[in-house]
Amino acid sequence: LSALPTLRQVYASGLSISPSPRYKCLPKALDLLTIWKGDITELESDAIVNAANKSLLGGGGVDGAIHRAAGDELYEECKSLGGANTGEAKITRAYALPSKHVIHAVGPVYVKGKEDEKAQQLASCYSASFALAVQNQCKSIGFPSISTGIYGYPMADATHIALDMTRKFLEGPEGAMMERVVFVVFSEKDKAVYEDLVSVYFPPE
Ligand code: AR6
């Protein structure tokens, strides 16, 4: 994690930003946030979040990658969880992964015409994941872009929710314990979306 540049370092290196009328700078966020293009199974963090389904028993996408890299013991522990509803999250150990815990969050399947309900469910994935991180003393956490793959959530809309919920958490009483939050993106295109929107929620000083 220490090898990944923080938002402050990225701003200092001249990332072009659209100024934010909405939020004031949250200085500590500049030192703990990172947008990183890579494979979340390679992240060494107290917790990584998995974009799971309601069974919590694995699947394709990032879920498949996490289960493959963690090994069969993760599947065995997941069997004991009894699934989860959309918007909920459950935590396990991370076994062969370099991280310590996996937080399995169930994102919504995107359905046009139900934007508000889906947005609330996706927001709930982030708040539930942060709550579990706090309960389990996880001071660093990596998120994939939940629901934006197989579940079809529009990338920009999902990114607004991820950043907004992260801002809310970091501003709240429990945010003080968090030391690193990494948004793990899987393509240059997705990275550009995060880099474009991050300054709305986390403007520089
Ligand atoms: N590291 C980081 N991000 C990744 C990785 C990876 N190794 N692999 C994919 N992504 P998705 P969803 C990105 O489809 O939309 C599964 O079958 C990907 O580019 O993994 O929430 C589950 O079991 C995208 O931006 O999750 C569920 O049934 C993001 O991760 C269903 O898919 C999420 O894509 C969940 O769908």
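Predicted, not measured: the structure shown is a model, and the values here were computed from it. All ligand and atom numbering here is 1-based and tracks the order in the structure.
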Apply side chain to side chain contact (heavy atoms under 4.5 Å, CB included) to Glu88 and Ser124, showing your working.
CA-CA 7 Å; Glu88 290 181 350; Ser124 168; 5.9 Å; no
Do any side-chain atoms of residues 66-82 form donor-acceptor pairs under 3.5 angstrom with protein atoms, and if so which ones, sequence neighbours left out?
| residue | atom | partner | partner atom | Å |
| --- | --- | --- | --- | --- |
| Glu77 | OE1 | Arg93 | N | 3.2 |
| Glu77 | OE1 | Tyr95 | OH | 2.5 |
| Ser80 | OG | Glu77 | O | 2.6 |

Tell me, with the steps shown, if Met178 and Ile141 meet side chain to side chain contact (heavy atoms under 4.5 Å, CB included).
CA-CA 8 Å; Met178 190 54 70; Ile141 187 167; 4.0 Å; yes
Lys191 vs Phe183 side-chain heavy atoms within contact, under 4.5 Å
no
Atom 33 (C) of ligand 1 - nearest protein heavy atom and its distance:
Ser145 O, 3.3 Å
Please indicate whether any nitrogen or oxygen in Ile150 is less than 3.5 Å from any nitrogen or oxygen in ligand 1.
yes
Are Val184 and Leu43 side-chain neighbours, meaning at least one heavy-atom pair lies under 4.5 Å?
yes
Within this structure, what is the CD1-CG distance for the pair Ile161 and Leu197, rounded to the nearest 0.5 Å?
11.5 Å
I'd like to know if Gly38 contacts ligand 1, where contact means a heavy-atom distance under 4.0 Å to any ligand atom.
yes
Who else is in the cluster with Tyr151 when I, L, V, M, F, W and Y are joined by side-chain contacts under 4.5 Å?
Val109, Ile150
Is there a polar contact, in the sense of an N or O pair closer than 3.5 Å, between Gly149 and ligand 1?
yes
Within-4.5 Å side-chain heavy-atom neighbours: Leu163 and Val198
yes
Return the closest protein heavy atom for atom 1 (N) of ligand 1 as residue, atom name and distance.
Ile40 N, 3.0 Å
To check your reading of the model: name the closest protein heavy atom to atom 26 (O) of ligand 1, its residue, and the distance in Å.
Ala51 CB, 3.6 Å
What is the nearest protein non-hydrogen atom to atom 21 (O) of ligand 1, stated with its residue, atom name and distance?
Ser147 N, 2.8 Å
Taking both backbone and side-chain atoms of Val62, is any N or O found less than 3.5 Å from an N or O belonging to ligand 1?
yes
Salt bridge Asp46-Lys100, side-chain N to carboxylate O under 4.0 Å
yes
Among the heavy atoms of Thr41, does any lie under 4.0 Å from an atom of ligand 1?
no
Restricting to heavy atoms, the pick from Val193, Asp63, Val109 nearest atom 22 (C) of ligand 1 would be Asp63
In the protein, what heavy atom is nearest to atom 7 (N) of ligand 1, and what distance, to one decimal place, separates them?
Asp39 OD1, 2.9 Å
Are there over 12 heavy-atom neighbours, none belonging to Glu174, within less than 6.0 Å of that residue's CD?
no
Are side-chain heavy atoms of Lys118 and Val111 found at a separation under 4.5 Å?
yes
Just jot down the ligand 1 atoms closer than 4.0 angstrom to any heavy atom of Gly60, in number order.
16 (C), 17 (O)
Quick one: look up the protein heavy atom nearest atom 24 (C) of ligand 1 and list residue, atom name and how far away it is.
Thr148 OG1, 3.5 Å
Going by heavy-atom distance to atom 28 (O) of ligand 1, choose the closest among Tyr153, Phe183, Tyr110, Tyr151.
Tyr151
Among all protein non-hydrogen atoms, which one is nearest to atom 3 (N) of ligand 1, and what is the separation to 0.1 Å?
Phe186 CD1, 3.6 Å
In terms of atom number and element, which parts of ligand 1 are under 4.0 angstrom from non-hydrogen atoms of Gly59?
17 (O), 23 (O)
For Gly107, state whether at least one heavy atom is located under 4.0 Å from any atom of ligand 1.
no
